[in-house]
Structures are given as structure tokens and as C-alpha cells.
Amino acid sequence: MAKEQLQVLNKLDVAKTQWYHFTAIVIAGMGFFTDAYDLFCISLVTKLLGRIYYHKEGSDSPGSLPSNVAAAVNGVAFCGTLSGQLFFGWLGDKMGRKRVYGMTLMIMVICSIASGLSFGSSPKSVMATLCFFRFWLGFGIGGDYPLSATIMSEYANKKTRGAFIAAVFAMQGFGILAGGMVAILVSAAFKANYPAPIYAVDPIGSTVPEADYVWRIILMFGALPALLTYYWRMKMPETARYTALVAKNAKQAAADMSKVLQVELEAEQEKVEQISKEEGNDFGLFSSQFLRRHGRHLLGTTSTWFLLDIAFYSQNLFQKDIFSAIGWIPKAKTMNALDEVYRIARAQTLIALCSTVPGYWFTVALIDRIGRFAIQVMGFFFMTVFMFALAIPYHHWTLPDNRIGFVVLYSLTFFFANFGPNATTFVVPAEIFPARLRSTCHGISAASGKAGAIVGAFGFLYLADGIGVKKTLIILGVINLLGMLFTFLVPESKGKSLEEMSREDEEEKGTTTTTTDLRTIPV
């Protein structure tokens with residue numbers, strides 16, 4: 001038997017798309033813009049760091065980061081992100097979404113600036129400082145995942161909720177794009193002002209002393225968009241679902257949403273108190289009741305995000321190595337340090353422009369039409385197909401005449417990652433769990449994804465060295481196939497209210513939910 005929904009929540013569910021929806025998308029989305037910028041820009045400057053701090057006298061090729069240092073620099077932010085997702089996800093359910101939202105942003109601003117500074121000038125001290133601040137940068141970024149998704153899902157109406165949450169996540173595409181463009185502009189400016197010979201001609205002169213400023217400027221720029229968003233985040237009211245269902249303050253929820261929706265809303269304190277007293281909606285995360293109602297869903301959201309991120313981040317972080325392997329970027333010794341940064345950034349920006357950004361917005365356009373399940377299965381399926389298409393005839397793609405074909409297929413795997421599971425794994429956990437556990441469960445799902453990213457960032461490095469790119473791509477294809485299978489554990493949430501999905505609007509006594517309520521594929 002369904003319970004009568006609170007008026008304030010019903011009004012949010014049926015509200016037409018209004019200005020406040022777009023404001024919320026931009027405010028939450030700028031966090032993701034910053035997140036993506038900060039997490040991906042490091043891959044643009046790792047080769048430059050190797051040239052500056054690990055130059056070997058008399059070597060035929062430029063200096064490069066040792067494997068353990070490269071893995072730490074690339075992966076340490078993910079370790080911080082994983083910790084932040086769990087901690088701030090839990091804190092968002094305890095203290096409220098809004099109160100925690102500002103904390104995460106300030107951590108990101110401070111650590112973005114600090115990651116471009118160094119305590120000392122030796123390679124060891126520079127890398128230690130960089131890793132330390134990037135861990136805490138990741139910690140702040142981690143908090144943005146569950147909080148942004150939960151805030152957007154709780155503000156949105158049920159008709160276009162998927163598109164709104166996906167639009168927040170789609171700002172990642174612009175963040176990746178901005179990372180590439182900032183690197184292009186900074187490296188081009190320094191290259192014009194400080195010309196240098198190629199490495200083969202003058203190994204030491206090919207890396208001008210001013211190159212040390214380049215990577216610092218690129219990393220520190222990530223603080224700017226986050227700083228611009230801070231004021232607006234602090235002005236956002238707490239979500240009505242948290243205020244009414246978790247904090248049990250119907251009057252405040254009605255007052256906040258009256259301003260947002262610009263309509264008069266009744267404060268239904270008696271109904272809130274009645275809901276809080278009823279059995280069946282007070283279970284905790286580690287209860288048998290949660291396991292029965294949502295255990296399968298949590299397994300679905302964590303496993304699919306974990307498997308996706310192994311494939312997605314290992315591709316993204318090591319694009320430059322793949323481009324080098326097929327000859328899209330010239331050999332390192334035929335370039336100077338700044339030219340190498342410029343070319344790597346140009347290649348990654350092209351991939352972002354042609355496949356990453358369009359993929360995100362295809363999801364935004366179609367998620368509320370064809371549903372989360374269909375997009376996720378389709379995305380995993382095509383990622384599997386294209387990964388095998390790259391891997392099996394890998395030698396064919398390394399031949400000079402076929403390099404463009406390789407890049408096209410490689411771009412398509414990114415397109416279907418973003419018009420697919422990379423967006424939907426973010427959207428669904430914000431829709432299917434109860435309000436008092438929503439941020440926590442999203443944080444757990446996102447942390448599982450970052451565990452996959454760590455496997456990708458650390459594992460791919462050693463795997464590609466040990467067994468080669470071809471076999472590594474085959475393994476990634478199998479991982480995508482597993483992701484498609486685990487998608488069948490996740491319910492479809494298209495067109496349903498958050499309370500309907502989390503079953504908070506049901507009486508527990510004497511009722512059971514039929515299997516059709518939790519069907520994966522919409523009927």
C-alpha cells in the first residue's frame with residue numbers, strides 16, 4: 001500500500017523545468033568540471049616531469065618518471081578520491097548535503113594551488129609534495145561525487161531527472177577539454193618565448209629552465225573554476241528531501257522550496273512525524289532489511305562502476321602512450337620538452353572534442369527517453385566490440401597507413417563509454433536508495449569505481465609493460481563484457497519518483513513488492 005507523498009516532494013516531482021534547475025546544474029556541474037580537469041591534467045605533464053627531474057646524462061632518450069613514481073603520481077589522487085567518496089558520502093547523510101558541499105570545494109581550491117608548489121627542489125621532494133597534495137585534492141574531489149549527484153536528484157523533477165544528473169556529470173567532458181586547451185595555450189606561449197632545440201641535438205638545452213613553470217601553472221589553474229562556484233554553492237538551500245525525510249523539519253523544507261519553486265507550500269509536520277514513526281523506513285545500511293530491499297542494487301551499482309572505471313581510466317590516463325606506440329606522437333627525442341607537452345595535449349583534446357564531450361551529451365538527450373538500462377547495456381556492448389576490434393588485429397593498426405582507423409575506433413570506445421556506463425553509473429545510485437542512505441550508497445558505488453580506476457592507473461602501467469598493449473586491450477574488452485552482464489542487477493528508474501524507487505512510499509507491514517516493481521528493463 002503506497003503512502004501519500006508529502007506535498008513539497010510531489011511539487012518537486014511534477015515541477016516544470018525552471019531556471020533553478022539550470023542554476024543547480026551549473027553550480028553542481030562546475031564542481032565536476034574542476035574534478036575532471038584536476039584528475040586528467042596530470043596525464044598531460046608526466047612526460048615533462050620526467051624530462052625535468054629524471055634526466056640521465058648521456059642517455060639516447062629523454063628522462064622519464066620511474067614506474068613506481070609514475071604510478072604514484074597518476075594514481076594517488078584516485079586513492080584520495082576513494083577516501084573522500086566514502087567519508088563525504090556518509091557525512092552528507094549525517095550533516096546534510098549543503099553543509100558538506102562547501103567543505104569539499106575549499107579542499108579542492110587549496111590543494112589545486114598547493115599541488116603546483118614544492119617543498120625543496122630535488123626530484124624526491126618535488127614528487128613527494130605533488131603526491132601529498134594530490135591525495136588531498138582527490139579527497140575533496142571524492143566528496144563532490146555523492147553530494148552533486150544527490151543534490152541534483154533531489155532537486156529535479158521525475159520526468160527529466162536523468163538528464164539533469166547526467167548534465168552535471170557531462171561537465172566532466174568540458175573539464176577534460178579545458179585541461180587539454182590550457183596545456184596547449186601554456187605550452188605554446190612558453191614555446192614561443194623560450195625556443196629550444198630537440199633532444200637529439202641538445203639533450204640538456206631541449207628542456208629550458210622555464211619549463212618547470214609550465215606543469216605548475218597547468219595544475220594550479222584547476223583552482224579557478226572551483227573558486228568561482230563557492231559563493232553560489234553556499235547560497236543553495238538544503239534539499240527538501242533531506243530536510244523533510246532525514247532532518248524531519250517539514251516547515252523548513254516547505255519554506256526553502258517555496259522560494260525555489262515560487263509557489264506557496266504547506267508545512268506538513270504531522271505527516272513527516274507519522275512517516276518517521278512507521279516501521280520499515282528506519283533500517284540502517286548494515287541491516288538485513290537493507291540487504292533484502294537494496295543489496296542486489298548496491299551490488300549492481302558497485303560492480304558496474306568498478307568494471308567500467310578499470311577500462312575507462314586505464315585508457316584515459318595512458319592515451320599518450322598508445323598514441324606514441326602507433327606513431328601519432330613523434331619519438332620523444334625528436335621533440336623538445338615544451339613541444340612534447342603541446343603535442344600530447346593536442347592529441348588528448350582532439351579525442352575529447354570528437355568523442356568524449358559528444359558522448360556525454362548524447363546521454364543527456366536520450367536518458368529519459370530510452371532509459372538508463374538500455375544506455376548502459378549498449379555502451380558496455382560497443383566498448384567490448386571496439387576494444388576487441390582494436391586488440392585482435394593490433395599489428396594492422398600500428399602500420400602507418402592504418403593509424404587514422406585506430407584513432408577512430410579508439411575514439412568510438414570513448415564515445416560509447418560516455419554515451420553509456422560512464423554517465424549511467426553516476427546517475428542511477430542517486431535515484432534508487434532511501435534519502436537517509438542516498439549519499440552514503442552513492443559514495444560507496446563511486447568509491448568502488450575509483451577502486452577500479454586505481455586498478456587501471458596502477459595495473460595498466462605494469463600490465464602493458466609486461467604483456468604488451470594487444471593483450472592488455474583484450475583483457476579490457478573482457479572487463480567491459482562483464483560490466484554488461486552485471487548491469488542486469490540494476491533497476492530501471494526512468495520516470496519514477498525517488499520515493500517509489502527507494503520504496504519509501506510503501507507500508508512495510510503486510511505488503512511485499514512484486515518483482516515487476518524492481519524490474520531492470522522498463523515495461
Side-chain angles (χ1 to χ4, degrees), residues 18-42 44-45 77 80-81 84-85 88 92 96-117 133-134 136-152 155-156 164-186 189 213-239 259-260 345 349 352-353 356-357 360-361 364 426:
Q18 295 174 38
W19 181 248
Y20 80 87
H21 286 124
F22 296 109
T23 307
I25 288 169
V26 172
I27 293 167
M30 282 311 287
F32 268 87
F33 178 95
T34 308
D35 298 348
Y37 180 94
D38 287 330
L39 286 177
F40 290 108
C41 69
I42 194 67
L44 301 171
V45 298
T81 304
Q85 285 162 337
F88 287 115
R97 290 57 159 132
K98 182 196 170 178
R99 287 174 74 185
V100 182
Y101 214 23
M103 291 184 214
T104 61
L105 208 65
M106 283 319 295
I107 293 170
M108 286 157 60
V109 169
I110 293 163
C111 293
S112 282
I113 294 167
S115 63
L117 307 173
F133 284 115
R134 282 192 66 78
W136 290 108
L137 171 65
F139 190 69
I141 286 171
D144 228 53
Y145 275 73
L147 293 168
S148 290
T150 303
I151 285 169
M152 199 64 240
Y155 264 109
F164 289 160
I165 305 171
V168 169
F169 194 66
M171 294 297 283
Q172 271 201 339
F174 292 123
I176 295 168
L177 200 59
M181 290 172 74
V182 168
I184 287 170
L185 292 171
V186 173
Y213 293 116
V214 170
W215 69 269
R216 297 175 192 275
I217 292 168
I218 292 169
L219 295 186
M220 291 166 84
F221 187 84
L224 191 61
L227 199 57
L228 293 173
T229 317
Y230 184 76
Y231 171 77
W232 299 105
R233 279 203 179 183
M234 293 298 93
K235 293 276 285 181
M236 280 180 90
E238 181 58 86
T239 70
K259 289 177 190 170
V260 169
T349 304
L353 200 57
T356 308
V357 173
Y360 283 117
W361 292 99
V364 172
F426 176 79

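The chain is numbered in sequence order, starting from 1. Please read all numbers here as calculations on a predicted model, not as lab measurements.
- Looking at every heavy atom in both residues, Ala223 comes nearest to Val109 through CB-O, 3.7 Å.
- When atom types are taken as modelled, the side chain of Thr104 and the backbone of Tyr101 share a donor-acceptor pair closer than 3.5 angstrom.
- In this structure, Val26 and Trp232 have side chains that are not in contact, with every pair of non-hydrogen atoms separated by 4.5 Å or more.
- Around the CE atom of Met103, the shell of radius 6.0 Å holds more than 12 heavy atoms that belong to other residues, nucleotides or ligands.
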### Task
Could you please spell out the steps behind the side-chain contact (heavy atoms from CB on, under 4.5 Å) verdict for Val214 and Ile218?
CA-CA 6 Å; Val214 170; Ile218 292 169; 3.8 Å; yes
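- Counting only distance, with no hydrogens or angles, the side chain of Arg134 and the backbone of Asp38 share a donor-acceptor pair below 3.5 Å.
- The distance from atom CG of Asp144 to atom CZ of Arg233, rounded to the nearest 0.5 Å, is 4.0 Å.
- Looking at Leu137 and Ile107, their side chains never come closer than 4.5 Å, going by heavy atoms from C-beta outward.
- Scanning all heavy atoms of the two residues, the minimum distance from Met30 to Met171 falls at SD-CE, 4.0 Å.
- Minimum interatomic distance between Thr34 and Ala226 (heavy atoms only, all atoms of both residues): OG1-N, 3.4 Å.
- Using a 4.5 Å heavy-atom cutoff, the side chains of Val364 and Trp361 are in contact.
- The CZ atom of Phe133 lies 11.0 Å from the CD1 atom of Ile113; values are rounded to the nearest 0.5 Å.
- Of all heavy-atom pairs spanning Gly180 and Ala345, the tightest one is O-CB, 3.7 Å.
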### Task
Using the side-chain contact (heavy atoms from CB on, under 4.5 Å) rule, take Met220 and Leu117 through it: C-alpha gap first, then chi angles, then the decisive distance, then the call.
CA-CA 9 Å; Met220 291 166 84; Leu117 307 173; 4.1 Å; yes
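- Scanning both residues, Lys98 and Pro237, for their nearest heavy atoms gives CD-C, 4.3 Å.
- Taking the six-membered ring where the residue is Trp, the centroids of Trp136 and Phe139 are separated by under 6.0 Å.
- Looking at Arg97, its side chain does come within 3.5 Å of a backbone N or O of Gly92 through a donor-acceptor pair.
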### Query
Can Phe32 and Phe174 be said to form a ring-ring contact (aromatic ring centres under 6.0 Å, His included), step by step?
CA-CA 9 Å; Phe32 268 87; Phe174 292 123; over 10 Å; no
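- Between atom CD1 of residue Ile42 and atom CG of residue Leu219 there is a gap of 5.0 Å, rounded to the nearest 0.5 Å.
- Residue Ser115 comes nearest to Trp215 through the heavy atom pair O-CZ3, 3.7 Å, listed as atom of the first residue, atom of the second, then distance.
- In this structure, Phe88 has its ring center no closer than 6.0 Å to that of Tyr145.
- Rounding to the nearest 0.5 Å gives a distance of 12.5 Å between CG of Leu228 and CD1 of Ile27.
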### Query
Should Ile151 and Met236 be marked as a side-chain contact (heavy atoms from CB on, under 4.5 Å) after you check the CA-CA gap, both sets of side-chain angles, and the distance that decides it?
CA-CA 10 Å; Ile151 285 169; Met236 280 180 90; 3.7 Å; yes
### Task
Please report the C-alpha distance between Phe221 and Val186 in whole Å, then the side-chain angles of each, then the deciding distance to 0.1 Å, and finally whether the side-chain contact (heavy atoms from CB on, under 4.5 Å) criterion is met.
CA-CA 11 Å; Phe221 187 84; Val186 173; over 6 Å; no
